[in-house]
*Asks:* 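Have a look at this one before I ask anything.
Each residue takes its place number in the sequence, starting with 1.
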Amino acid sequence: MKSLHKPAIYEELVRSLKIDCKKCSGLCCTALYFSKTEGFPNDKPAGKPCTNLMSDYGCAVHNKLMQYNLKGCMAFDCLGAGQKVTSDIYGGVSWKNQPERAEEIFRVFLAVWQLHQMVWYLAEAAAIVPAEELADQITALIGEYQNMTALLPMEILQIDIEEYRTR
C-alpha cells in the first residue's frame with residue numbers, strides 16, 4: 001500500500017510551535033475571551049485576566065483542569081504564539097509590566113497565533129504526497145511566515161492575515 005505521507009521536512013519548525021508557558025505572560029489567559037459554556041472557568045471578556053492566572057503567569061488550577069471539567073483550557077493550544085510574543089517579539093516585556101501597551105500586545109498575540117496556525121497546516125501539507133506539486137508554494141508561504149513573525153509589533157499589526165490565509 002502506498003503511503004500518503006513522506007518524511008516531514010519542517011520538523012524543526014513544527015517543534016518551534018510547541019507551547020512553553022514558562023516563557024509566556026499568560027496571554028491566552030488574558031487576551032482571549034472565555035465562555036463558561038465552552039469549558040472555561042467562567043465567562044470572561046478579552047483583555048481581562050482569568051481569575052486563575054497567578055502573578056507569575058501560572059495557572060492556579062492547571063493540575064485540576066480535568067477535575068473541574070475545564071475542557072476549553074485543556075484543548076487550547078496557542079502553538080507557541082504566547083512565548084513568541086512575550087519572549088521574542090517583546091523581549092520579556094508583558095502586558096502587566098507595561099499596561100499602556102496591553103492592547104497592542106494582545107493584538108500582536110492574536111495575529112501571531114493565527115500565523116502559527118496557518119504555518120502548522122502548511123508544514124503538515126508539505127508532508128502529504130499528493131501536495132508535492134505545491135511544494136514550492138508551501139515553501140514560499142512558510143518563508144513569508146518566518147519573515148512576518150520577525151517583524152516589529154506595529155509591522156505585525158499591519159499584516160493582512162486574511163490575504164495570507166487565502167493564499
Side-chain angles (χ1 to χ4, degrees), residues 8 10-125 141-142 145-146 148-166:
Y10 292 107
E11 285 183 52
E12 187 176 324
L13 175 61
V14 171
R15 270 196 299 279
S16 75
L17 301 176
K18 299 283 188 230
I19 297 173
D20 187 350
C21 297
K22 293 185 186 327
K23 293 181 180 177
C24 180
S25 59
L27 289 173
C28 64
C29 302
T30 308
L32 305 175
Y33 80 92
F34 292 172
S35 171
K36 189 169 184 164
T37 60
E38 295 173 343
F40 289 98
N42 48 38
D43 292 338
K44 179 192 88 61
K48 180 182 176 192
C50 174
T51 55
N52 294 311
L53 185 65
M54 299 185 304
S55 61
D56 68 352
Y57 305 115
C59 175
V61 297
H62 184 73
N63 294 333
K64 298 178 182 175
L65 295 177
M66 286 186 74
Q67 178 183 336
Y68 294 144
N69 201 29
L70 298 177
K71 295 174 186 170
C73 297
M74 289 185 287
F76 182 78
D77 189 338
C78 77
L79 296 168
Q83 71 256 19
K84 176 76 173 179
V85 171
T86 300
S87 298
D88 298 350
I89 295 172
Y90 284 94
V93 171
S94 80
W95 56 272
K96 202 175 193 181
N97 302 118
Q98 293 189 4
E100 69 280 3
R101 293 184 78 187
E103 184 181 335
E104 171 194 312
I105 293 168
F106 298 156
R107 288 177 48 226
V108 169
F109 168 69
L110 292 173
V112 171
W113 178 39
Q114 290 178 73
L115 291 169
H116 279 214
Q117 289 172 333
M118 288 180 272
V119 82
W120 186 88
Y121 282 115
L122 287 167
E124 288 295 308
L141 287 168
I142 287 175
Y145 151 80
Q146 291 170 322
M148 288 187 285
T149 57
L151 294 170
L152 296 172
M154 295 315 284
E155 294 170 319
I156 290 171
L157 294 175
Q158 299 304 312
I159 296 170
D160 185 341
I161 300 280
E162 287 309 311
E163 186 274 334
Y164 181 71
R165 185 186 322 274
T166 299

*Asks:* How long is the straight-line distance from CG of L13 back to CD1 of I142, given to the nearest 0.5 Å?
*Replies:*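 Between I142 CD1 and L13 CG, I get 5.5 Å after rounding to 0.5 Å.
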*Asks:* With distance as the sole test, does S25 use its side chain to make a donor-acceptor pair with the main-chain N or O of T86 at under 3.5 Å?
*Replies:*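 No.
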*Asks:* When rounded to the nearest 0.5 angstrom, what distance separates CG in L53 from SG in C28?
*Replies:*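 Taking CG in L53 and SG in C28, the distance rounds to 8.5 Å.
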*Asks:* Find out whether S94 and I105 are in side-chain contact, i.e. whether some heavy atom of one side chain is under 4.5 Å from a heavy atom of the other.
*Replies:*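 Of all side-chain heavy-atom pairs linking I105 with S94, none is under 4.5 Å.
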*Asks:* Once you round to the nearest 0.5 Å, how far does OG of S16 lie from CG of D88?
*Replies:*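 So the gap between those two atoms works out to 9.5 Å.
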*Asks:* If you measure from OH on Y121 to CG on L79, what distance do you get to the nearest 0.5 Å?
*Replies:*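 One finds 8.5 Å between OH of Y121 and CG of L79.
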*Asks:* Can you run down the salt bridge (Lys or Arg N to Asp or Glu O under 4.0 Å) pairs that involve residues 100-120, sequence neighbours left out, and say none if there aren't any?
*Replies:*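 Matches after skipping sequence neighbours: R101-E104.
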*Asks:* Quick one: does Q83's side chain have a donor or acceptor within less than 3.5 Å of a partner on K18's backbone?
*Replies:*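 Side chain of Q83 to backbone of K18, a donor-acceptor pair under 3.5 Å: yes, one is there.
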*Asks:* Quick one: does W113's side chain have a donor or acceptor within less than 3.5 Å of a partner on D77's backbone?
*Replies:*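 Here the side-chain-to-backbone pair exists.
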*Asks:* Can you check whether K44 reaches C29 side chain to side chain, under 4.5 Å on heavy atoms?
*Replies:*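 Sidechains of C29 and K44: no contact.
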*Asks:* Which pair of heavy atoms, one from P153 and one from I89, lies closest together, and at what distance?
*Replies:*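 That closest heavy-atom pairing would be CG-CG2, 3.8 Å.
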*Asks:* What heavy-atom pair brings I161 and Q114 nearest, and what distance separates the two atoms?
*Replies:*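 The pair with the smallest heavy-atom distance is CG2-OE1, 3.4 Å.
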*Asks:* Of all the heavy-atom pairs spanning P49 and W95, show the shortest one and how long it is.
*Replies:*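 Residues P49 and W95, closest heavy atoms: CG-CH2, 3.6 Å.
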*Asks:* Is any side-chain heavy atom of V108 less than 4.5 Å from a side-chain heavy atom of Y90?
*Replies:*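 Yes, their side chains come closer than 4.5 Å.
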*Asks:* Identify, with sequence neighbours excluded, every residue that meets side chain to side chain contact (heavy atoms under 4.5 Å, CB included) alongside Y164.
*Replies:*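 Result, side chain to side chain contact (heavy atoms under 4.5 Å, CB included) vs Y164: L115, M118, L122, L141, E144, Y145, M148, R167.
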*Asks:* So, R15 and E12, do they make that salt bridge, N to O below 4.0 Å?
*Replies:*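 Result for this pair is no, no salt bridge flagged.
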*Asks:* Within this structure, what is the CD-CG distance for the pair Q158 and L152, rounded to the nearest 0.5 Å?
*Replies:*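 Result: 11.5 Å between the selected atoms.
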*Asks:* V119 versus Y10: any side-chain heavy-atom pair under 4.5 Å?
*Replies:*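 No. Closest side-chain heavy atoms not under 4.5 Å.
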*Asks:* Using atom types as modelled and distance alone, determine if a side-chain donor or acceptor of E38 lies under 3.5 Å from a backbone N or O of F34.
*Replies:*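 Between the backbone of F34 and the side chain of E38 there is no qualifying donor-acceptor contact (under 3.5 Å).
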*Asks:* Output yes when a side-chain donor or acceptor of D43 lies under 3.5 Å from a complementary backbone atom of K36, and no otherwise.
*Replies:*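 Side chain of D43 to backbone of K36: a pair is present.
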*Asks:* For a quick test of reading the model, state the closest non-hydrogen atom pair linking C24 to L27 and the distance between them.
*Replies:*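 Closest approach of C24 to L27, heavy atoms only: SG-N, 3.5 Å.
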*Asks:* Considering non-hydrogen atoms only, spot the tightest contact between A31 and F109 and give its length.
*Replies:*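 Shortest heavy-atom contact: CB-CD2, 3.9 Å.
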*Asks:* Do you know the tightest heavy-atom contact between C50 and P41?
*Replies:*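 That closest heavy-atom pairing would be SG-CG, 3.9 Å.
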*Asks:* Can you list the steps and then say if S55 with K96 is a side chain to side chain contact (heavy atoms under 4.5 Å, CB included)?
*Replies:* CA-CA 9 Å; S55 61; K96 202 175 193 181; 3.8 Å; yes
*Asks:* Salt bridge (charged side-chain N to carboxylate O under 4.0 Å, His left out) with D20: which residues, sequence neighbours excluded?
*Replies:*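 Checked D20 against salt bridge (charged side-chain N to carboxylate O under 4.0 Å, His left out); matches are K23.
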